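Quick notes on the structure that follows.
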Amino acid sequence: MTIKIFNTLSGKKQPLEPVEPGHVRLYVCGITSYDYCHIGHARSALAFDMIVRYLRYRGLRVTYVRNFTDIDDKIINRAAEQQTTPEELAARFINEFYTDMDRLGIDRPDLEPKATEHIGEMIDLIAELIDRGMAYQSGADVYYAVNSFPEYGKLAHRNLDDMQAGARISVNEQKRHPMDFVLWKGSKPGEPTWDSPWGPGRPGWHIECSAMSRKYLGETFDIHGGGKDLIFPHHENEIAQSEGVSGKPFANCWIHHGFVTIRDEKMSKSLGNFLTIRDILTHYHPEVLRFFIFSTHYRNPLDFSETAMQDAAAGLERLYACVAQVDAIAREKSTDPEGRISTKDIETINAIEDRFLQAMDNDFNTAQAQAILFDLAKIINRLCTDLPAAAAAADIAILDRAAGTLKRLAAIMGLLREDAAAFLKGQKEKMLAGLDIDEERIEALIGERLACRAAKNWTRGDEIRDELLARGIELKDGPGGTTWSVRRS
RNA sequence: GGCGGCGUAGCCAAGUGGCUAAGGCAGUGGUCUGCAAAACCAUUAUUCAGCGGUUCGAAUCCGCUCGCCGCCUCCA
């Protein structure tokens, strides 16, 4: 089995063939740190977290680099608004970013370089571009000459003529070509500044990724990723810079994920429809967000709604309930000498992992992979339902192994990583918090109902059950007594 | 104007030439239960926006039409 990935550059799915066999080098564009992260950032971080976990699961070594843009116009402007320095602002939001990422259970990349710590590398790169006649100084700025790179537009699948027809390009007297972009910006008074051969200034946005990826991953590496909105101009410009200097292919494969939308519109600050990660996490467990995000293929748009999150929570709870059921098997009562689970069921269980890997090998199809997890959960549930009280040790072992497979595969998406009973209890408490009733009162009513039922006073017993149901609490009478859950509205 | 994507059941969402069109949520019938709930079993798209075409065969390929979205400016 080979891993196939959709490559934006070629427009096709292609087998992953690392430059160094067995070792994948991956660069992902991280955040510009000037504000709290929204669900779109979460999708990006989660998508690549899943990709890295999967590649490692498949036995590949991965070097994962994700940068921080900690100097840029937005940071400077926001710092001025908040009467602080760009350095302080950027550092603060990098910390906030880590808070969010940690809560989402996202593994840290291997390297997280910051732009401001690589000014020297950027200056070197710009100088090389000037030497090669691909960049020019104009006033206090340095620009990249797009005409010097004949393949400009190959990633976005456009050419310079198409783009100029758009005519949304601001006129800048200093540029030779309207599409030329800045590599080095002469600084204005009061702005952060670094010395350079072209005078004091700061780097343009695109050059940092070219400089840092070259330093940490080399001139040619395997995968470069980011959101679809980065295809043009950011990634196009990175290619122009990096290949302009090296004359070699930059990234062999480009992965771009889709947007998170709200009511089918892209989130944006101007529309006021963006939600921060921490907003979401006050209402939902991090794994619910993960489940939601991975319920759609990473390249497709994903529409956020309360309903979708409720559905995701219900689905995730179903998987957890399956694991909890296996955890709760009464092992000590095992006396059956012979297992009863059919060979057919065992074969189906054994085939799950291959099916899962096949789905994931196909451009990380997590939606399909989730469906396979549900197939496994369904079998486990059925076997548990049919399991006699004195189940055979062999059968219990099969169920334990199946539940282990479920958890192991789900963990690639960062799911089912908590103790099942604890997770379900947590969800229950979270939902209970939104209701006008507390646990003590519920237990008291259950106690009262138990007495009624013992006396076969079904009428009053049912009354209590209906009363609780009206307040959002569902009762379940099981062999081990009555338990309750919060009804999902 | 240029480029690209999408339109599959009540909702969400896989499937990109050929076994019965995955899975989740919601719904319905049944088993279980004093009655319920959960779980299980069964069931819910003869059909994949519409119209034409290619093919022995298409949701899947091609053309056109309609609708929605994104990029071309900072953006995950």
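Values below: every heavy atom of this structure, side chains too, minus hydrogens, waters and symmetry copies. Every value quoted in this text rests on a predicted model; they were computed, and no experiment measured them. In what follows, chains carry the letters A, B, and so on, assigned in the order in which the sequence lines appear, proteins first and then strands, with residues in each chain numbered from 1.
For A/F97, the ring-ring contact (aromatic ring centres under 6.0 Å, His included) partners are A/F68, not counting sequence neighbours. Qualifying ring-ring contact (aromatic ring centres under 6.0 Å, His included) partners for A/Y320, counting only residues two or more places apart in sequence or in other chains: A/F423. With sequence neighbours excluded, the residues forming a side chain to side chain contact (heavy atoms under 4.5 Å, CB included) with A/R318 are A/F374, listed by chain and number. Taking the side-chain hydrogen bond (donor to acceptor under 3.5 Å, both in side chains) definition, one finds that A/H285 meets it with A/E418, sequence neighbours left out. With sequence neighbours excluded, the residues satisfying ring-ring contact (aromatic ring centres under 6.0 Å, His included) with A/H38 are A/H41. Residues satisfying the ring-ring contact (aromatic ring centres under 6.0 Å, His included) criterion with A/F364, sequence neighbours excluded, are absent altogether.
Ion pairing between A/R92 and A/E96 fails under the 4.0 Å rule for side-chain N and carboxylate O. With respect to A/D35 and A/K74, no salt bridge is recorded, no charged nitrogen being found less than 4.0 Å from a carboxylate O. Salt bridge status for A/R340 with A/D345: absent, with no side-chain N to carboxylate O gap under 4.0 Å.
In this structure, A/Q310 atom CD and B/rG24 atom P are separated by 18 Å, rounded to whole Å. What separates NE2 of A/H297 from P of B/rA22 is a distance of 21 Å, to the nearest Å. A/E467 places its CD atom 20 Å from the P atom of B/rA36, with the value rounded to the nearest Å. Distance, A/D229 CG to B/rU73 P: 13 Å, rounded to whole Å.
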> What would the secondary structure line of RNA chain B be in dot-bracket form, counting Watson-Crick and G-U wobble pairs under 3.5 Å, with [ ] for pairs that cross earlier ones and | for pairs with another strand?
Replying inline: ((((((((.[[[..)..(....]]].(((((.......))))).....[[[[[..)....]]]]])))))))....
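Annotation: A/Y64 is not in aromatic contact with A/F48 [ring centroid separation under 6.0 Å not met]. You'll find the ring centres of A/H235 and A/H256 inside the 6.0 Å limit.
As rounded to the nearest Å, B/rA14 and B/rA45 have C1' atoms that lie 15 Å from one another. B/rU8 and B/rG50 are spaced 15 Å apart, taking the C1' atom of each and rounding to whole Å. The gap from the C1' atom of B/rA22 to that of B/rC61 amounts to 23 Å, rounded to the nearest Å. Using C1' as the reference atom, B/rC51 and B/rA9 are 23 Å apart when rounded to the nearest Å. Distance check on atom C1': B/rU44 versus B/rG23 gives 15 Å, rounded to whole Å. For B/rA39 and B/rC56, the P atoms lie 49 Å apart once the distance is rounded to whole Å. When the C1' atom is compared between B/rG67 and B/rA26, the two are found 26 Å apart, to the nearest whole Å. Look at the C1' atom in both B/rU47 and B/rA58: the space between them is 12 Å, to the nearest Å.
A side-chain hydrogen bond (donor to acceptor under 3.5 Å, both in side chains) check over residues 294-304 of chain A, counting only residues at least two apart or in different chains, returns the pairs A/T261-A/D303, A/H297-A/D363, A/Y298-A/D363, A/R299-A/D363.
Of the residues in residues 29-42 of chain A, those with a non-hydrogen atom less than 4.0 angstrom from any atom of RNA chain B are A/H38, A/G40, A/H41. A heavy atom lying under 4.0 Å from RNA chain B marks the following residues of residues 457-465 of chain A, by number: A/W458, A/D462, A/R465. Residues of residues 372-386 of chain A that place a heavy atom closer than 4.0 Å to RNA chain B, in numerical order, are A/F374, A/D375, A/K378, A/N381, A/R382, A/T385.
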> Along nucleotides 3-12 of chain B, 5' to 3', which nucleotides get a B, which get an S, and which get a -, given that the test is a protein heavy-atom distance under 4.0 Å?
Replying inline: S---------
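Across all strands shown, A/R449 has heavy atoms under 4.0 Å from base atoms, whether or not it also approaches the sugar-phosphate. When heavy atoms are screened at a 4.0 angstrom cut-off, A/D73 is found touching no nucleic acid atom at all.
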>> I'd like to know whether A/D361 forms a side-chain hydrogen bond (donor to acceptor under 3.5 Å, both in side chains) with A/Y54, so could you lay out the CA-CA distance, the side-chain angles of the two residues, the decisive distance to 0.1 Å, and finally the verdict.
In response: CA-CA 9 Å; A/D361 277 355; A/Y54 185 65; 2.7 Å; yes
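Between A/N159 and the phosphate of B/rG2, there is no side-chain N or O to OP1/OP2 separation shorter than 4.0 Å. For the OP1/OP2 pair of B/rC40 and a distance below 4.0 Å, the side-chain nitrogens and oxygens of A/R318 include at least one atom meeting the criterion.
Remark: of the listed residues A/R465, A/R460, A/R441, A/R460 is the sole one forming a salt bridge (charged side-chain N to carboxylate O under 4.0 Å, His left out) with A/E448.
Cation-pi geometry between A/R158 and A/F232 is satisfied (NZ or CZ under 6.0 Å from the ring centre, within 45° of the ring normal).
Closest to the A/D477 side chain, of the nucleotides B/rC74, B/rC71, B/rG34, is B/rG34. With B/rA38, B/rA76, B/rG15 as the candidates, the nucleotide lying closest to the side chain of A/K476 is B/rA38. Nearest nucleotide to the A/M179 side chain, out of B/rA37, B/rU73, B/rC71: B/rU73.
Heavy-atom contacts from other residues, nucleotides or ligands closer than 6.0 Å to NZ of A/K154 number more than 12.
Aromatic ring orientation, A/F149 versus A/Y144: perpendicular (interplanar angle above 60°, classes split at 30° and 60°).
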